[in-house]
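These notes are about the structure you will find just below.
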Amino acid sequence: MKCISLWARHLRERSIRPRWCLDNNTRSIYGSSIYALHRARRSAYGRKCSAGRSLSTMNRSEVTGASDDRPKQESAAKTPRRAIALEAKPGVLSIEAATTAVVVVDMQNDFGTNGGMFDRAGNDITMIQRAIGPTAKVLASARRAGVKIVYLKMGFRPDLSDLGASDSVNRVRHLEGFKVGQTIRAPDGRESRILIRDHWGTDIVPELKPQPDDVVVYKHRFSGFYETELDATLKRLEVKHLIFTGCTTSVCVESTIRDAMFRDYLPVLLADCTGEPIGYHFPRSNYDASLLAIETSLGWVSGSEEFVEALEGV
C-alpha cells in the first residue's frame with residue numbers, strides 16, 4: 001500500500017494520471033510509447049522502492065530496461081585495438097594500424113630522378129631508385145589497411161629566406177655544393193629551380209605520388225620536425241609508431257628518426273625502402289652505420305616484406 005501511495009503522489013506532482021485512469025483518448029494523446037514507459041516505470045518503481053530509491057533517481061535503463069547510448073559509445077571507444085606483430089631488430093614490435101603512420105622522406109625528383117639535383121651534382125642515385133619499388137608496395141598495403149601516410153619534402157622558399165644565415169652550414173653547403181635556387185630545364189621540358197618549393201625538383205617521384213588523403217609537409221632542414229607542423233599533425237592523428245622510408249639514410253632519414261625518438265614516438269626504418277649515396281662504395285657505408293645506430297639506440301629496423309606481411313595478416 002505504501003508503494004501505491006507513493007506512486008500516486010508522484011503522478012499527482014507530475015500531473016500525470018495513473019494507467020488505470022487513462023481512457024482510449026488520453027492514451028492516444030500520450031502515444032503508445034509514452035504509455036508503455038509509464039507502465040514500465042510503475043513496474044520498476046515497485047521493484048526499487050524496497051531499496052529506498054526514488055523513481056526520479058533511476059536512469060532510463062533501470063526504468064525501461066533499454067540500454068543507454070552513452071555507455072555503449074564509451075565502451076566501444078575503450079575496446080582494445082588489434083595488435084600487429086612486426087618482425088624487426090632488435091626484436092618483434094607490436095603496433096596498431098590505427099596509431100601508425102608511414103613516413104616517406106624526400107623521395108622527390110631532385111634526389112631520386114635523373115636530371116635532378118643529386119644527379120646533376122654527380123651523385124650515384126641508383127640505391128635511391130632501387131628503394132622506390134619496395135616503398136610503393138608498402139604504401140599500397142598501408143592504404144588498404146587504413147594506415148596514415150605522411151610525405152616530407154625538402155624545399156626552400158623562392159627567396160631562400162629559410163635557407164639560413166649567410167655563413168650557416170645549411171646555406172653555404174646547399175648553395176656551393178648543390179646550386180640550390182638555380183634555374184634549370186627539367187627532363188620534362190618545364191622550367192624549374194633546384195630544391196625550391198612547388199617546382200619539378202620537389203615533386204614526389206611519380207611512382208610514389210601522394211593521394212588526396214595523405215599528409216604532405218615541407219621542411220627546410222634535414223629533420224622533418226624542425227620548424228614544421230609535423231609533430232602537431234602526428235599528435236592530432238594520434239600516431240605513435242612511425243614507419244620510415246626515403247632518402248638519404250644517414251642524413252634526412254636518420255635526423256628525422258632521432259627527433260622522433262626524442263619526442264617519444266616509436267620509429268621503425270624499413271631497410272630496403274631507403275638509400276644513401278654517401279660512402280656507398282665503401283666496405284662499410286653511412287647506410288650501414290645508420291641502420292646499426294637505429295637498431296641499437298634509436299628504434300627498430302625491419303623490411304618492406306615484413307611490414308606488408310604484418311599488415312596483410314590483420
Counting only heavy atoms not in [X], do more than 12 sit closer than 6.0 Å to its [atom1] atom?
X      : atom1 : answer
Arg185 : CZ    : yes
Glu207 : CD    : yes
Lys209 : NZ    : no

(message) Run the side chain to side chain contact (heavy atoms under 4.5 Å, CB included) test on Asp288 and Glu276 for me, step by step, so that the C-alpha distance in whole Å, both residues' side-chain angles and the decisive distance to 0.1 Å come before the verdict.
(response) CA-CA 9 Å; Asp288 296 320; Glu276 172 62 79; over 6 Å; no

Side chain of [X], backbone of [Y]: donor and acceptor closer than 3.5 Å?
X      : Y      : value
Thr249 : Gly275 : yes
Thr296 : Leu292 : yes
His220 : Asp162 : yes
Thr245 : Val103 : yes
Tyr226 : Thr256 : no
Tyr151 : Leu208 : yes
Ser168 : Ala165 : yes
Arg171 : Leu160 : yes
Ser250 : Ser290 : no
Asp124 : Pro277 : no

Min side-chain heavy-atom separation [X]-[Y] under 4.5 Å:
X      : Y      : answer
Leu270 : Pro134 : no
Arg193 : Pro158 : yes
Ile204 : Asn109 : no
Leu269 : Leu291 : yes
Leu86  : Glu306 : yes
His241 : Leu93  : yes
Met117 : Val180 : yes
Val217 : Lys153 : no

Closest approach of [X] to [Y] (non-hydrogen atoms, all atoms of both residues):
X      : Y      : answer
Pro90  : Trp300 : CD-CD1, 3.6 Å
Val268 : Ser302 : CG1-CB, 4.0 Å
Cys273 : Ala131 : C-CB, 3.6 Å
Asp272 : Ser304 : OD2-OG, 2.5 Å
Val92  : Ala85  : CG1-CB, 4.1 Å
Ala97  : Ala145 : CB-O, 4.0 Å

Same cluster or not: are [X] and [Y] linked, directly or through other Ile, Leu, Val, Met, Phe, Trp or Tyr residues, by side-chain heavy atoms under 4.5 angstrom apart?
X      : Y      : answer
Val138 : Met127 : yes
Phe244 : Ile149 : no
Val216 : Ile132 : yes
Ile243 : Met261 : no
Val104 : Ile125 : yes

Calculate, to the nearest 0.5 Å, the distance between atoms [atom1] and [atom2] belonging to [X] and [Y] respectively.
X      : Y      : atom1 : atom2 : value
Leu139 : Met107 : CG    : CE    : 9.5 Å
Tyr280 : Ile128 : OH    : CD1   : 10.5 Å
Arg157 : Asp198 : CZ    : CG    : 10.0 Å
Ser141 : Phe307 : OG    : CZ    : 6.5 Å
Tyr265 : Thr99  : OH    : OG1   : 12.0 Å
Glu191 : His199 : CD    : NE2   : 7.0 Å

(message) Given Leu230, which partner from the list Val215, Leu152, Asp259 fulfils the side chain to side chain contact (heavy atoms under 4.5 Å, CB included) test?
(response)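 When side chain to side chain contact (heavy atoms under 4.5 Å, CB included) is applied between Leu230 and each of Val215, Leu152, Asp259, only Leu152 qualifies.
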
(request) For Thr233 and Val150, run side chain to side chain contact (heavy atoms under 4.5 Å, CB included): C-alpha distance rounded to whole Å, both residues' side-chain angles, the deciding distance at 0.1 Å, then the answer. (result) CA-CA 10 Å; Thr233 299; Val150 178; 5.6 Å; no

Salt bridge or not for [X] and [Y], using N-O below 4.0 Å?
X      : Y      : result
Arg190 : Asp203 : yes
Asp214 : Lys148 : no
Lys219 : Glu227 : no

(message) Ring centres under 6.0 Å, that's the criterion: do Tyr218 and Phe156 meet it?
(response)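 Here the rings of Phe156 and Tyr218 have centres that are no less than 6.0 Å from each other.
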
(message) The test is side chain to side chain donor-acceptor pair (under 3.5 Å); show your working for Thr202 and Gln108 and say whether it passes.
(response) CA-CA 5 Å; Thr202 54; Gln108 56 200 65; 5.6 Å; no

(message) Once you measure the plane-to-plane angle for His174 and Phe222, does it fall in the parallel (<30°), tilted (30-60°) or perpendicular (>60°) bin?
(response)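 Plane angle between 30° and 60°, so tilted.
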
(request) Applying salt bridge (Lys or Arg N to Asp or Glu O under 4.0 Å), run through Glu312 and Arg144 and close with a yes or a no. (result) CA-CA 9 Å; Glu312 298 297 338; Arg144 287 194 296 269; 2.9 Å; yes

(request) Please report the C-alpha distance between Met154 and Phe111 in whole Å, then the side-chain angles of each, then the deciding distance to 0.1 Å, and finally whether the side chain to side chain contact (heavy atoms under 4.5 Å, CB included) criterion is met. (result) CA-CA 10 Å; Met154 188 77 172; Phe111 299 131; 3.9 Å; yes

(request) Please step through side chain to side chain contact (heavy atoms under 4.5 Å, CB included) for the pair Leu234 and Phe225, ending with a clear verdict. (result) CA-CA 11 Å; Leu234 295 174; Phe225 287 97; 4.1 Å; yes

